[in-house]
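Notes follow once the structure below has been shown.
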Amino acid sequence: MSPTPYAAATPRTLTAVSADGQSLHVEVYGPEGAPAVVLVHGWTCSTDFWAAQVRDLATDHRVVVYDQRGHGATPPAAGPSGYSTDALADDLEAVLAATLAPGEKAVLAGHSMGGMTLMAAAGRPALRDRAAAVLLCSTGASRLVPESLVIPLRPGALRTRITGAILGARAPLGPVTPVSKAILKYATMGPGSAPDRVAECARIVHACPRAVRVAWSHVLAGLDLEAGVRALDVPAVVVAGAADRLTPPVHARALAAALPRCVGLDVLPGVGHMTPVEAPEAVTARLRELSAAYLGDDDTDRDDEREEEAV
């Protein structure tokens with residue numbers, strides 16, 4: 001694993017232990033006692049995916065990032081049963097318990113499978129007690145394979161079958177090459193993505209072990225977290241890329257309509273699936289807005305006023 005490309009101070013690292021004994025690599029940046037932001041990465045990614053957000057936010061926030069099981073510096077699960085939406089929720093609970101003080105709330109943000117992690121944990125007391133607000137980036141609650149636009153065919157059984165086979169393919173990704181970067185850019189990023197950002201995403205994605213990538217692909221193929229969306233009863237902002245082929249904007253609009261307290265929907269022109277890397281300023285700005293609005297203020301009436309203004 002390459003050195004973490006953060007300009008922020010050296011992180012405080014720790015290990016959180018999930019309900020089934022799974023150890024999780026956790027990094028904490030920024031000053032002690034500052035408002036907390038917890039960032040949850042997606043499928044085939046790692047803590048490195050949030051580099052731009054950490055660089056900006058760690059100047060005046062305590063930023064928590066962790067590697068999902070099997071990604072980055074977190075070891076794979078012990079067996080197939082360790083890959084599930086319940087495991088995602090268990091892991092998030094473990095990280096929150098290990099990094100937040102008793103009674104402390106944080107802004108939680110999840111990209112792709114990270115957003116699904118928040119949905120999976122939505123009905124749990126730990127999330128309700130810890131989440132001041134959430135940011136859902138480039139994610140969806142169900143029908144991920146049927147709604148995917150990676151394969152340029154009309155919607156239907158054929159497209160769904162081919163898409164499922166590609167996303168669950170067991171073939172190794174191999175080294176990062178010009179061809180592999182072009183494929184990754186087509187599938188996951190906007191057409192105008194800068195070459196250095198494509199290269200960064202390729203480095204991160206290609207580092208994910210094949211067995212882990214495949215195991216999580218099976219979970220995502222059968223995903224149904226609609227109930228979790230309805231249970232996510234905290235102020236929420238949804239961000240999506242207009243050019244996202246993996247989780248196209250239809251998912252973002254469905255989330256915004258179903259969330260009990262949606263306070264914003266941003267569909268970013270020209271941006272693909274990798275929103276925190278492709279549009280770091282927009283994602284970070286939304287995180288700062290949520291932190292300013294909902295951290296350190298327990299006045300529910302004022303929260304309600306902010307939500308009305310945002311809508």
Side-chain angles (χ1 to χ4, degrees), residues 3-14 16 24-42 45-67 72-73 92 95-111 114-115 117-118 126-127 129-138 197 200 204 234-239 261 263-264 266 268 271 274-300 302-303 305-307 309-310:
T4 306
Y6 300 145
T10 301
R12 302 178 293 283
T13 61
L14 58 96
L24 304 159
H25 174 76
V26 184
E27 299 173 1
V28 183
Y29 294 83
E32 293 284 359
V37 176
V38 180
L39 307 176
V40 190
H41 73 74
C45 295
S46 68
T47 58
D48 287 1
F49 192 76
W50 295 106
Q53 286 68 44
V54 171
R55 276 195 298 268
D56 185 292
L57 293 171
T59 58
D60 54 0
H61 285 74
R62 195 166 78 261
V63 185
V64 177
V65 289
Y66 71 98
D67 286 320
L92 175 61
V95 171
L96 296 178
T99 58
L100 300 182
E104 182 182 11
K105 290 182 178 288
V107 170
L108 310 183
H111 169 260
T117 300
L118 304 186
L127 186 126
D129 293 343
R130 296 297 197 174
V134 301
L135 178 67
L136 300 174
C137 294
S138 307
R197 295 184 181 180
E200 181 64 8
I204 294 169
V234 296
V237 170
V238 181
V239 174
R261 299 169 67 185
V263 297
D266 299 339
L268 307 175
V271 174
M274 303 302 212
T275 40
V277 175
E278 294 181 72
E281 297 85 1
V283 172
T284 302
R286 271 305 200 175
L287 286 168
R288 284 194 170 278
E289 289 169 8
L290 289 172
S291 174
Y294 299 106
L295 285 181
D297 183 356
D298 295 326
D299 187 336
T300 303
R302 290 185 64 186
D303 285 355
E305 290 173 6
R306 293 189 188 105
E307 290 171 34
E309 291 172 1

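A pairwise comparison of heavy atoms in Ile204 and Cys45 identifies CG2-CA, 3.6 Å as the closest pair. Of all heavy-atom pairs between Cys137 and Thr275, the closest is CB-OG1, 3.6 Å. Pairing each heavy atom of Ala16 with each of Ala98, the nearest pair is CB-CB, 4.0 Å. Shown here for Thr13 and Glu27, the closest heavy-atom pair between the two residues is CG2-CG, 4.1 Å. Nearest approach of Ala133 to Leu290, heavy atoms of both residues: CB-CD2, 4.0 Å. Scanning both residues, Ala132 and Lys105, for their nearest heavy atoms gives CB-CB, 4.0 Å.
Note: Trp50 and His111 have perpendicular aromatic rings, judged against thresholds of 30 and 60 degrees for the angle between ring planes.
At least one side-chain heavy atom of Tyr294 sits less than 4.5 Å from a side-chain heavy atom of Val263. Contact annotation: the side chain of Leu39 never approaches that of Phe49 to less than 4.5 Å [non-hydrogen atoms, C-beta and beyond]. Looking at heavy atoms from C-beta onward, Leu135 lies out of side-chain contact with Glu289 at the 4.5 angstrom threshold. Residues Leu108 and Val40 form no side-chain contact, since every pair of their non-hydrogen atoms from C-beta on lies 4.5 Å or further apart. A heavy-atom distance below 4.5 Å is found between the side chains of Thr99 and Leu14.
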side-chain contact (heavy atoms from CB on, under 4.5 Å) between Arg286 and Val107, worked out: CA-CA 11 Å; Arg286 271 305 200 175; Val107 170; over 6 Å; no

Could you walk me through whether Val65 and His41 satisfy the side-chain contact (heavy atoms from CB on, under 4.5 Å) test, starting with their C-alpha distance in whole Å, then the side-chain angles of each, then the deciding distance to 0.1 Å, before giving a yes or no? CA-CA 8 Å; Val65 289; His41 73 74; over 6 Å; no

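The CG atom of Asp129 sits 10.5 Å away from atom CG of Leu96, with the distance rounded to the nearest 0.5 Å. For the atom pair OG (Ser138) and CG (Leu268), the distance works out to 8.0 Å, reported to the nearest 0.5 Å. A distance of 8.5 Å separates CD in Glu104 from CG in Leu295, rounded to the nearest 0.5 Å. One finds the NE2 atom of His61 at 8.5 Å from the CG atom of Leu287 (value rounded to the nearest 0.5 Å). In this structure, Gln53 CD and Arg55 CZ are separated by 8.5 Å, a value rounded to the nearest 0.5 Å. Summarising the geometry, atom CZ belonging to Arg288 is positioned 4.5 Å from atom CG belonging to Asp56; distances are rounded to the nearest 0.5 Å.
In this structure a side-chain-to-backbone donor-acceptor pair under 3.5 Å is present from Arg62 to Ala34. With hydrogens and angles ignored, the 3.5 Å screen pairs a side-chain donor or acceptor of Asp67 with a backbone N or O of Ala73. At distances below 3.5 Å, at least one donor-acceptor pair connects side-chain atoms of Arg12 with backbone N or O atoms of Gly30.
Ionic pairing of Glu200 and Arg197 is not present here: no N-O contact between side-chain nitrogen and carboxylate oxygen is shorter than 4.0 angstrom.
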